[in-house]
2 protein chains.
Amino acid sequence: MELYDIKRIDYDQQAKVMKALAHPSRLLIVHALMDHELCVCELRELLQHQNNLSTVSRHLSVLKNAGLLVEEKRGLYVYYHLCCNGLREFLVSMDRIVGEAKEPT
Amino acid sequence: MELYDIKRIDYDQQAKVMKALAHPSRLLIVHALMDHELCVCELRELLQHQNNLSTVSRHLSVLKNAGLLVEEKRGLYVYYHLCCNGLREFLVSMDRIVGEAKEPT
DNA sequence: TCTCTATTTGCCTATTTTGCGAAATAGACA
DNA sequence: TGTCTATTTCGCAAAATAGGCAAATAGAGA
């Protein structure tokens, strides 16, 4: 197994992306977008208790600024979808390890 | 492609793990630990500019509390290593998507 | 043009996170 | 036992983040 070159990685950039994902509502949003694009008001409905519109909008802009989402305005609505293919695979991998991560002793 | 069941996931738990990873120093730490365990003072040396010992120790406890690291005291030193196998694969997947995530327009 | 709807932004407050120095702890070894 | 070393915790101040209301914006459609 080759050594992992920790020097080559831009940890500030990576932290920005992780930070964008480090919130329950934003995690729900990206998971919902794994299947198909959704507009802001549809996403709002999914966020049952945290569904203040300005808050939802702000979460979306955090994800967009991290480069994870792309927006597209059509008619009255703004639709969001995941930015890239690798992201879907990444989310699946995240779901797996969060299950494995054990509580500390 | 089957639908992704967004209801089954514990987003609070997942956010906790993502939050633990959402810091440049902590990302460097977990990447360094992909190869082999390291003790606190070795990790400190890797964190060139953010190498205050109490800060490093705090970062380690954040990662440990998220269930990502395991500590083991041997002799004078405390050694840390990654908690689970899936984590390594997850980190590789993360490295890939962070590269792909595009800057917003 | 005006109006109506969907979405974003500004502003404020409350909470959390960060980083550091100093003090505390834990345990190895004489 | 006492001392020395590695590491963690405490307490604080600065910075970042979150959530909500109200106001602003953008653009569709009459």
Side-chain angles (χ1 to χ4, degrees), chain A residues 11-30 32-33 36-81 104-105, chain B residues 11-30 32-33 36-81 104-105:
Chain A
Y11 294 112
D12 288 310
Q13 171 63 15
Q14 213 168 63
K16 206 167 133 187
V17 174
M18 290 301 103
K19 211 173 286 191
L21 290 171
H23 189 289
S25 299
R26 293 198 291 267
L27 285 167
L28 190 148
I29 289 171
V30 292
L33 295 176
H36 31 72
E37 65 173 15
L38 291 167
C39 74
V40 182
C41 51
E42 288 170 318
L43 286 165
R44 177 196 198 176
E45 280 176 35
L46 291 175
L47 292 162
Q48 323 224 16
H49 298 294
Q50 295 282 62
N51 65 350
N52 178 286
L53 202 44
S54 70
T55 303
V56 174
S57 178
R58 201 154 264 143
H59 283 316
L60 288 167
S61 88
V62 169
L63 290 166
K64 192 178 62 174
N65 279 310
L68 296 172
L69 299 188
V70 175
E71 73 181 357
E72 189 181 337
K73 180 148 195 173
R74 285 203 309 277
L76 273 179
Y77 306 95
V78 176
Y79 292 90
Y80 282 88
H81 58 90
T105 42
Chain B
Y11 294 113
D12 288 311
Q13 171 61 18
Q14 213 168 63
K16 207 168 131 187
V17 173
M18 290 301 105
K19 208 175 287 192
L21 290 171
H23 190 289
S25 299
R26 294 198 290 268
L27 285 167
L28 189 148
I29 289 171
V30 291
L33 295 176
H36 33 248
E37 66 172 16
L38 291 166
C39 75
V40 181
C41 51
E42 289 170 318
L43 287 165
R44 177 197 199 175
E45 280 176 35
L46 290 175
L47 292 162
Q48 321 225 16
H49 298 295
Q50 295 283 65
N51 66 349
N52 177 286
L53 202 44
S54 70
T55 303
V56 174
S57 177
R58 263 258 267 287
H59 284 315
L60 288 167
S61 88
V62 169
L63 290 166
K64 192 178 60 174
N65 279 310
L68 297 172
L69 299 188
V70 176
E71 72 180 358
E72 190 181 336
K73 180 148 196 173
R74 286 203 308 277
L76 273 180
Y77 306 95
V78 176
Y79 292 89
Y80 282 88
H81 58 89
T105 42

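All heavy atoms count here, side chains included; hydrogens, waters and symmetry mates do not. Given the structure is predicted, the values throughout are model-derived calculations rather than measurements. Chain identifiers are assigned alphabetically (A, B, ...) following the order of the sequence lines, protein sequences preceding nucleic acid strands; residue numbering begins at 1 within each chain.
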> With Glu42(A), which residues qualify under side chain to side chain donor-acceptor pair (under 3.5 Å), at least two apart?
Replying inline: none
> What integer distance in Å separates Asn51(A):CG from dA18(D):P?
Replying inline: 17 Å
>> By the 4.0 Å heavy-atom rule, please label Arg44(A) as base, sugar-phosphate, or nothing.
In response: nothing
Below 3.5 Å is the cut-off: list the nitrogen or oxygen pairs between protein and nucleotides 4-8 of chain C, distance only.
{"from": "dT7(C)", "atom 1": "OP1", "to": "Val40(A)", "atom 2": "N", "distance (Å)": "3.4"}
{"from": "dT7(C)", "atom 1": "OP1", "to": "Val78(A)", "atom 2": "N", "distance (Å)": "3.2"}
{"from": "dT7(C)", "atom 1": "OP2", "to": "Cys41(A)", "atom 2": "N", "distance (Å)": "3.1"}
{"from": "dT8(C)", "atom 1": "OP1", "to": "Tyr80(A)", "atom 2": "OH", "distance (Å)": "2.6"}
{"from": "dT8(C)", "atom 1": "OP2", "to": "Ser57(A)", "atom 2": "OG", "distance (Å)": "2.7"}
{"from": "dT8(C)", "atom 1": "O5'", "to": "Ser57(A)", "atom 2": "OG", "distance (Å)": "3.2"}

> Could you give the OH-to-P distance, from Tyr11(B) to dA18(D), as a whole number of Å?
Replying inline: 18 Å
> Between atom CD in Glu72(A) and atom P in dA26(D), what is the gap in whole Å?
Replying inline: 19 Å
> How many angstroms lie between atom CG of Leu46(B) and atom CG of Leu38(B), to the nearest 0.5 angstrom?
Replying inline: 6.5 Å
> Which parts of residues 18-25 of chain A get close to DNA chain D, meaning a heavy atom less than 4.0 angstrom away?
Replying inline: Lys19(A), His23(A)
Could you go through residues 18-25 of chain B and list every donor-acceptor pair under 3.5 Å that involves a side-chain atom there, pairing it with any protein atom two or more places apart or in another chain?
{"from": "His23(B)", "atom 1": "ND1", "to": "Ser25(B)", "atom 2": "N", "distance (Å)": "3.0"}

>> List the residues meeting side chain to side chain donor-acceptor pair (under 3.5 Å) with Glu37(B), not counting sequence neighbours, and say none if there are none.
In response: Arg74(B)
> Base, sugar-phosphate alone, or nothing: which one does His59(B) contact when heavy atoms must sit under 4.0 Å apart?
Replying inline: sugar-phosphate
>> According to side chain to side chain contact (heavy atoms under 4.5 Å, CB included), who are the partners of Val70(A), at least two apart in sequence or on a separate chain?
In response: His81(A), Cys83(A)
> Across the strands shown, which category fits Arg26(B) at heavy-atom distances under 4.0 angstrom: base, sugar-phosphate, nothing?
Replying inline: sugar-phosphate
> Rounded to the nearest 0.5 Å, how far apart are CZ of Arg58(A) and CG of Asn65(A)?
Replying inline: 11.5 Å
>> Which residues pass the side chain to side chain donor-acceptor pair (under 3.5 Å) test with Ser54(A), not counting sequence neighbours?
In response: Asn52(A)
>> My understanding is that only residues two or more places apart in sequence, or in another chain, count here; which of them pass side chain to side chain contact (heavy atoms under 4.5 Å, CB included) with Leu76(B)?
In response: none
> Please give, in whole Å, the distance from dT7(D) P to Leu63(B) CG?
Replying inline: 16 Å
> Taking only residues two or more places apart in sequence or in another chain, which ones pass side chain to side chain contact (heavy atoms under 4.5 Å, CB included) with Val78(B)?
Replying inline: Val40(B), Glu71(B), Lys73(B), Tyr80(B)
> DNA chain C: Asn52(B) or Val62(B), which has the more 5' nearest nucleotide?
Replying inline: Val62(B)
> Rounded to whole angstrom units, what separation is found between the CG atom of Leu47(B) and the P atom of dG19(C)?
Replying inline: 10 Å
